[in-house]
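Read through the structure below, which is laid out as structure tokens, and then see the notes.
Note that this is a predicted model, so its numbers are computed, not measured. Naming convention: chains lettered A, B, ... in sequence-line order (proteins, then strands); numbering from 1 in each chain.
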Protein chains: 2
Amino acid sequence: MPTSDPADQPAVAGPAGLIDALVQTSFVTMASLNKIGAEHDLSLTQLRVLGILRDRRLRMTELADYLGLDKSTMTGLVDRAEKRGLLERVRNPTDGRAVDVRISPAGAALAERLYAQVVASLAPLTGALSRADQHRLRALLETMLDRH
Amino acid sequence: MPTSDPADQPAVAGPAGLIDALVQTSFVTMASLNKIGAEHDLSLTQLRVLGILRDRRLRMTELADYLGLDKSTMTGLVDRAEKRGLLERVRNPTDGRAVDVRISPAGAALAERLYAQVVASLAPLTGALSRADQHRLRALLETMLDRH
DNA sequence: TATTGTTATACTCTATAACTATA
DNA sequence: TATAGTTATAGAGTATAACAATA
């Protein structure tokens, strides 16, 4: 995968240089996820849904909010995943309007495999760093995410 | 934007913890780019095309390879951007089969604005780090990208 | 023959607007 | 009335296969 993107420009001093690197890294990372998804006929969004529901059960609207999508988009997304036996719709027992979505056993098994593949596919990238640098990078990223 | 994703799981020791952070950071970054694109009626891919062509002129196939897309996909992508006056098709002077794609003045102006917006929207994230940590993060990311 | 790009086709993803059912 | 979800609709993104033009 190429590394070019909107930030693939002569690195500037100041914040831009870091942001260029961040954007490029993100494109590389997303390309890996996308490829792994494609190998299983899953879009990036479907991949995310499986990841999100690995340890949670959410109603349609919550899932939409999580993904930043409209609830009407979720209908088709969940429809297709349900048809493939990866997700299940369950009527919410306390709110007759709501529909909970949970991962199926088959979906959970797939999610585990996908996660392992993601780790394996990105390991070469992180493997460019020493063990100590890997720790530093993780700490820096987590600091940013905490503030987010 | 939510931070959940296929790696949004109990952080594991070893490579997985870092990779979780990398994936989450990438989703956050992509969400920003996506939002900026949407504000200008541009998909993430269109945004990338503008970024790539800021300082280059590529033929259709090269652009497709850059983006990891099929060449047939490029036709529609470039069609729409050309219709909006952001890109221009130019017949390649030395190879009668090839079509070069270049950014238009309007497209270049938009690309500059988009880039500034990207930097501005991600600055709060990187701003969570001290100046010294920002330098360290940039160096670590660039080390990974160099190996890629 | 091989390569470049487009066209035809089919799905998925996505949002908006309108609708049904429940609260 | 307000909320949860679906449906209808439309457009963009994507790939595969077949094609025309050029090398």
Side-chain angles (χ1 to χ4, degrees), chain A residues 1 5 27 30-31 33-50 52 57-84 86-102, chain B residues 1-2 5 27 30-31 33-50 52-53 57-84 86-102:
Chain A
M1 205 241 148
D5 53 63
F27 272 118
M30 286 299 121
L33 297 191
N34 200 52
K35 179 160 171 276
I36 291 167
E39 288 168 5
H40 297 266
D41 274 298
L42 292 170
S43 69
L44 209 43
T45 304
Q46 300 269 15
L47 196 80
R48 284 190 82 189
V49 170
L50 289 182
I52 290 166
R57 168 194 300 215
L58 298 176
R59 44 170 72 182
M60 296 292 283
T61 304
E62 290 170 329
L63 202 48
D65 290 345
Y66 238 88
L67 296 165
L69 300 173
D70 192 87
K71 59 192 169 127
S72 68
T73 300
M74 292 314 308
T75 300
L77 227 39
V78 172
D79 277 354
R80 288 182 288 276
E82 195 176 23
K83 202 161 299 177
R84 290 175 58 176
L86 303 175
L87 301 180
E88 296 164 354
R89 276 182 172 92
V90 188
R91 256 189 310 125
N92 186 297
T94 66
D95 187 337
R97 302 167 300 178
V99 174
D100 290 341
V101 188
R102 69 154 123 88
Chain B
M1 204 238 152
D5 53 60
F27 273 118
M30 287 299 122
L33 297 191
N34 200 51
K35 180 160 170 275
I36 290 167
E39 287 168 7
H40 297 266
D41 274 298
L42 292 169
S43 69
L44 210 43
T45 304
Q46 299 269 15
L47 196 79
R48 284 189 83 189
V49 170
L50 289 181
I52 290 166
L53 296 182
R57 170 194 299 215
L58 298 177
R59 44 170 73 183
M60 295 293 281
T61 304
E62 290 170 328
L63 202 47
D65 290 346
Y66 238 88
L67 295 165
L69 299 173
D70 191 87
K71 59 194 168 124
S72 68
T73 300
M74 291 313 307
T75 300
L77 227 38
V78 172
D79 278 353
R80 288 183 288 275
E82 195 176 23
K83 202 161 298 177
R84 290 175 59 175
L86 302 175
L87 301 180
E88 295 165 353
R89 276 182 172 90
V90 188
R91 255 188 310 126
N92 186 297
T94 66
D95 187 337
R97 300 168 300 177
V99 174
D100 290 341
V101 188
R102 70 154 121 90

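Here the C1' atom of nucleotide D/dT14 and the CD atom of A/Gln46 are 15 Å apart, to the nearest Å. Atom CG of B/Asp65 is separated from atom C1' of C/dT3 by 12 Å (rounded to the nearest Å). As a whole-Å value, the separation of B/Asn92 CG from C/dT4 C1' is 10 Å. Per the geometry, CG belonging to A/Leu47 stands 17 Å off P belonging to C/dT12, to the nearest Å. For the pair B/Asn34 CG and C/dC13 P, the interatomic distance rounds to 15 Å; values are reported in whole Å. Per the geometry, CG belonging to A/Asp79 stands 13 Å off P belonging to D/dG5, to the nearest Å. Taking atom CG on A/Leu44 and atom C1' on C/dC11, their separation rounds to 17 Å, with Å as the unit. The distance from atom CG of A/Asp41 to atom P of C/dA10 is 18 Å, rounded to the nearest whole Å.
In terms of the side chain to side chain donor-acceptor pair (under 3.5 Å) criterion, A/Arg84 has no residue partners (sequence neighbours excluded). Contacts of A/Arg102 classified as side chain to side chain donor-acceptor pair (under 3.5 Å), with partners at least two apart in sequence or in another chain: A/Glu88. Residues forming a side chain to side chain contact (heavy atoms under 4.5 Å, CB included) with A/Arg80 (at least two apart in sequence, or on another chain): A/Gln46, A/Leu77. By the salt bridge (Lys or Arg N to Asp or Glu O under 4.0 Å) test, A/Lys71 is found to be paired with no residue, residues two or more places apart in sequence or in another chain being considered.
Checking D/dT14, C/dT14, D/dA4 against the side-chain heavy atoms of A/Leu69 singles out C/dT14 as nearest. Comparing D/dG13, C/dT12, D/dT6 by their nearest atom to the side chain of A/Arg80 picks out C/dT12. Which of C/dG5, C/dT14, D/dG5 sits closest to the side chain of B/Val99 comes down to C/dG5.
Within 4.0 Å (heavy atoms only), B/Arg91 reaches no atom of the nucleic acid at all. Using a 4.0 Å heavy-atom distance criterion, B/Thr61 is classed as a sugar-phosphate-only contact. Residue B/Thr45 is in sugar-phosphate contact alone, with no base atom involved, counting any heavy-atom pair closer than 4.0 Å across all strands shown.
At the phosphate of C/dT14, neither OP1 nor OP2 sits under 4.0 Å from any side-chain N or O atom of A/Thr73.
Expressed to the nearest 0.5 Å, how far OG1 of B/Thr73 lies from CG of B/Leu63 amounts to 11.5 Å. Of the inter-residue distances, the one linking A/Thr94 atom OG1 with A/Asp100 atom CG reads 8.0 Å to the nearest 0.5 angstrom. Taking CG of A/Leu42 as the start and CD of A/Glu39 as the end, the distance is 10.5 Å to the nearest 0.5 Å. With rounding to the nearest 0.5 angstrom, the CG atom of B/Leu67 is 9.0 Å from the CZ atom of A/Phe27.
Looking at B/Asp95 and B/Arg59, their side chains come closer than 4.5 Å, going by heavy atoms from C-beta outward.
The backbone N or O of B/Asp79 sits nowhere less than 3.5 Å from a side-chain atom of B/Glu82 that would complete a donor-acceptor pair.
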request  = Indicate for each nucleotide in nucleotides 17-23 of chain C, in 5' to 3' sequence, whether protein heavy atoms under 4.0 Å reach the base (B), only the sugar-phosphate (S), or nothing (-).
outcome  = B----BS
inquiry  = Expected output check: what is the dot-bracket annotation of DNA chain C, where ( ) and [ ] are pairs inside the strand (brackets for crossing ones), | is paired with another strand, and pairs are Watson-Crick or G-U under 3.5 Å?
reply    = |||||||||||||||||||||||
